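Worksheet: the structure to be examined is printed underneath.
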Amino acid sequence: MTRRRNAGTGGRAGRADILVVYMLRVRFAPSPTGYLHIGSARTFIFNWLFARRHGGTMILRIDDTDVDRNTQASLDSIFDGLNWLGLGWDELYRQSDRLALHQDTARAILEKGLAYRDFTPAHAGGDDASHGDGPWLFNPGMREMTAEESDRRAAAGEPFVVRFRVPRGTGRRVEFLDLVYGAQSKACDDIEDFALLRSNGMPTYHLASCADDADLRISHIVRGQDHLSNTFKHILIFEAAGAAIPQFAHLPLLVAPDGAKLSKRKHGPVVSVTTYRDAGFVPHAYVNFLCLLGWSPKDNREKMAREELTAAFAFEGVNRSNAVVNFKEEDPIDPKALWLNSEHLRTMPAAELAPMARAALASAGITPPYDEAWFADAVDVIRSRFFTLRDFATRGRAYFAEDYEMTPEALEKLNQGNARELLRELAARLAAAADFTEQSVEAELRALAVERGVKAGLLINGSRAALTGQTVGPSAFAVFAAIGRERVVARLSQV
RNA sequence: GGCGCUAUCGUCUAAGGGUUAGGACGAAGCCCUCUCAAGGCUUAAAUACGGGUUCGAAUCCCGUUAGCGCUACCA
């Protein structure tokens with residue numbers, strides 16, 4: 001399953017694998033301090049794929065330990081984004097409900113002497129230049145304080161943070177095998193005595209995250225590469241808490257074309273998944289696009305169904321370098337995302353697409369005429385030229401509404417020769433014809449062209465222009481059928 | 001500054017010692033054609049730099065450069 005290098009021997013390795021598969025648990029842990037970032041969405045997707053691939057459990061955990069920065073709006077937008085992706089999860093937790101667990105974990109570590117109280121006042125000077133030019137590691141006065149004095153000052157009500165007592169001068173290195181980045185190692189002497197508990201008694205991210213990961217029996221931590229360096233600290237916490245150490249898989253970051261980290265302030269809407277939803281993306285198409293950023297099935301496949309993605313996903317295929325989201329100032333959509341969306345939109349089952357198209361029309365204030373079956377057929381005919389769901393309401397408007405615009409090019413087609421006159425004649429013939437199918441309309445139109453001595457193209461292109469207001473679109477005869485005899489006759493006789 | 005990580009066409013990536021360095025998006029051209037797409041064919045486009053190791057390096061090692069991350073009582 002997880003490509004253990006030390007697979008061991010024969011039957012026993014097989015059994016061990018089954019055991020691990022059974023207990024495989026992953027989590028996605030966003031903090032509600034902003035909208036759902038596309039990088040976070042990708043992390044969620046990779047976790048989900050890994051869990052589904054191996055029959056594991058996908059856990060959603062809201063990491064809301066930073067009470068000052070959490071907002072309900074942000075929480076709502078994260079759920080909006082996640083729901084839009086449509087993948088779901090198996091279990092849901094909220095860190096703010098688990099405060100006691102975090103504090104108990106910190107207390108246990110403190111009582112073992114693996115952490116200590118630091119009474120240094122918070123950030124007196126203010127700015128972050130407080131480290132001088134060397135790295136800050138620890139404050140010896142606090143680290144070496146006797147238990148008696150520490151207890152006395154705490155009892156006296158003096159505020160303190162609880163810091164992890166990172167081993168010093170032992171030559172120890174923290175090591176782990178990352179499923180993506182391979183062997184990782186860092187000297188304890190280079191790790192600072194990080195905080196576990198703030199002076200207000202609230203856990204820090206590191207503590208809360210590890211306490212919860214241990215308690216929830218997370219087997220694999222799959223997260224952004226920005227946590228790669230933090231992992232050394234986390235391993236120290238797991239050890240101190242007496243917990244099993246999970247496996248780690250870090251994912252390369254998503255960055256802007258200039259290589260900078262994506263941020264809302266600097267890059268605007270491209271960083272939010274709602275942008276793609278609002279731009280008319282099919283959810284799965286966007287999932288597919290995100291999967292291709294930093295991961296490859298290695299067989300040149302790109303357009304993949306959810307099942308294919310699930311079957312192919314493995315950390316061996318994950319890259320180690322950051323992936324650029326290729327957007328431009330004037331156009332926030334990555335061209336490849338758009339292409340992939342068009343591929344899915346044009347080939348997915350029409351029955352699945354129809355409700356999405358209907359929703360896109362609804363938000364443009366359009367209620368399609370006729371019934372469900374007609375609608376699905378119309379959607380199926382016109383989608384072959386569309387890129388996003390929004391196209392149904394814009395380029396596809398004439399199929400669903402009567403008030404559509406005529407482009408200058410379309411007008412030009414209608415003004416060619418005696419096109420208008422012939423189209424009106426065609427309308428009369430179609431109104432009287434026995435059948436009204438693609439084939440019968442084509443026969444009727446071509447016969448008229450021959451009779452009047454004009455090229456069929458004049459009538460064909462003229463019809464498309466009159467019926468849709470555009471010079472581009474599906475085969476004109478498919479257009480006739482999709483719009484329906486009644487409306488075709490009405491539109492052509494009024495040209 | 002310290003520590004960690006990374007480096008293949010413009011972008012996403014394949015090739016984990018031997019290939020004319022492959023595919024996709026985007027771009028250009030041709031074919032097809034009732035328009036526009038799609039599709040087919042074709043073209044331009046990459047191994048950051050310098051040293052090693054080796055018969056042979058995009059691939060392994062070292063260095064340089066560049067980028068990213070961590071270095072908070074943020075996550």
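What you see is a predicted model; the values in this text were computed from it and never measured. So you know, we letter chains A, B, ... as the sequences are listed, proteins then strands, and number each from 1.
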Touch class at under 4.0 angstrom, heavy-atom based, for [X] against every strand present:
X: A:E192; value: sugar-phosphate
X: A:H250; value: nothing
X: A:G294; value: sugar-phosphate
X: A:R69; value: base
X: A:N230; value: base
X: A:F477; value: base
X: A:T65; value: sugar-phosphate
X: A:P252; value: nothing
X: A:T471; value: base

- For A:R61 and A:Q95, work out which heavy atoms get closest and say how close. NE-NE2, 3.6 Å
- Task: Compare every heavy atom of A:R27 with every heavy atom of A:S209, then report the nearest pair and how far apart it is.
- Result: OG-NH2, 3.5 Å
Test the [X]-[Y] pair against the cation-pi criterion, namely NZ or CZ under 6.0 angstrom from the six-membered ring centroid and within 45° of the ring axis.
X: A:R98; Y: A:Y93; value: yes
X: A:R397; Y: A:Y399; value: no
X: A:R485; Y: A:F480; value: no

- Note on the structure: Sorted by position of nearest nucleotide on RNA chain B, 5' first, the leading residue of A:P159 and A:S384 is A:S384
Rounded distance in Å - [atom1] ([X]) to [atom2] ([N]):
X: A:N341; N: B:rA38; atom1: CG; atom2: C1'; value: 16 Å
X: A:R27; N: B:rA75; atom1: CZ; atom2: P; value: 14 Å
X: A:W295; N: B:rG23; atom1: CH2; atom2: C1'; value: 15 Å
X: A:F480; N: B:rU35; atom1: CZ; atom2: P; value: 15 Å
X: A:W339; N: B:rG10; atom1: CH2; atom2: P; value: 20 Å
X: A:E343; N: B:rA38; atom1: CD; atom2: P; value: 9 Å
X: A:R61; N: B:rA75; atom1: CZ; atom2: C1'; value: 11 Å
X: A:R163; N: B:rU71; atom1: CZ; atom2: P; value: 12 Å

Calculate, to the nearest 0.5 Å, the distance between atoms [atom1] and [atom2] belonging to [X] and [Y] respectively.
X: A:R153; Y: A:F160; atom1: CZ; atom2: CZ; value: 11.5 Å
X: A:F386; Y: A:L345; atom1: CZ; atom2: CG; value: 8.5 Å
X: A:Y181; Y: A:T231; atom1: OH; atom2: OG1; value: 11.0 Å

- Item | Heavy atoms from other residues, nucleotides or ligands near CD of A:E451 exceed 12 (cutoff 6.0 Å) | yes
Searching all strands shown, indicate the nucleotide that pairs with [N] (Watson-Crick or G-U wobble; both distances under 3.5 Å).
N: B:rC25; value: B:rG10
N: B:rU33; value: none
N: B:rU54; value: none
N: B:rG16; value: none
N: B:rC68; value: B:rG4
N: B:rG63; value: B:rC49

Taking the [atom1] atom in each of [N] and [M], what is the distance between them to the nearest angstrom?
N: B:rC68; M: B:rA57; atom1: P; value: 33 Å
N: B:rC34; M: B:rG29; atom1: C1'; value: 23 Å
N: B:rA28; M: B:rC9; atom1: C1'; value: 16 Å
N: B:rA24; M: B:rU35; atom1: C1'; value: 28 Å
N: B:rU11; M: B:rG16; atom1: C1'; value: 24 Å

- Item | Side-chain donor-acceptor pair present, A:H227, A:H250, cut-off under 3.5 Å | no
- Message: Distance alone, cut at 3.5 Å: any donor-acceptor contact between the side chains of A:R117 and A:S150?
- Response: yes
- Message: One character per nucleotide, please: for nucleotides 61-66 of chain B, 5' to 3', B when the base has a protein heavy atom closer than 4.0 Å, S when only the sugar-phosphate does, - otherwise.
- Response: ------
What pairs of nitrogen or oxygen atoms, one from the protein and one from nucleotides 3-7 of chain B, lie under 3.5 Å apart?
| unit_1 | atom_1 | unit_2 | atom_2 | d |
| --- | --- | --- | --- | --- |
| B:rC3 | O2' | A:K186 | NZ | 3.2 |
| B:rC5 | O2' | A:Q225 | NE2 | 3.4 |

- Message: If you take any heavy atom closer than 4.0 Å to RNA chain B, which residues from residues 449-470 of chain A end up in contact?
- Response: A:I460, A:N461, A:R464
- Query: Using 30° and 60° as the class limits, which term best fits the ring planes of A:F46 and A:F313: parallel, tilted or perpendicular?
  - Reply: tilted
- Task: Specify whether A:F248 and A:F238 have parallel, tilted or perpendicular ring planes, treating 30° as the upper limit for parallel and 60° as the lower limit for perpendicular.
- Result: tilted
- Any donor-acceptor N/O pair under 3.5 Å between B:rG22 base and A:N300 side chain: yes
Is there a side-chain polar atom (N or O) of [X] under 4.0 Å from OP1 or OP2 of [N]?
X: A:N319; N: B:rU13; answer: yes
X: A:R346; N: B:rA38; answer: no
X: A:K336; N: B:rA24; answer: no
X: A:K298; N: B:rA15; answer: yes

- Query: Are the aromatic rings of A:F176 and A:F232 close, with centres under 6.0 Å apart?
  - Reply: yes
- Give a yes or no on whether a salt bridge exists between A:D178 and A:R320, defined as a side-chain N under 4.0 angstrom from a carboxylate O. no
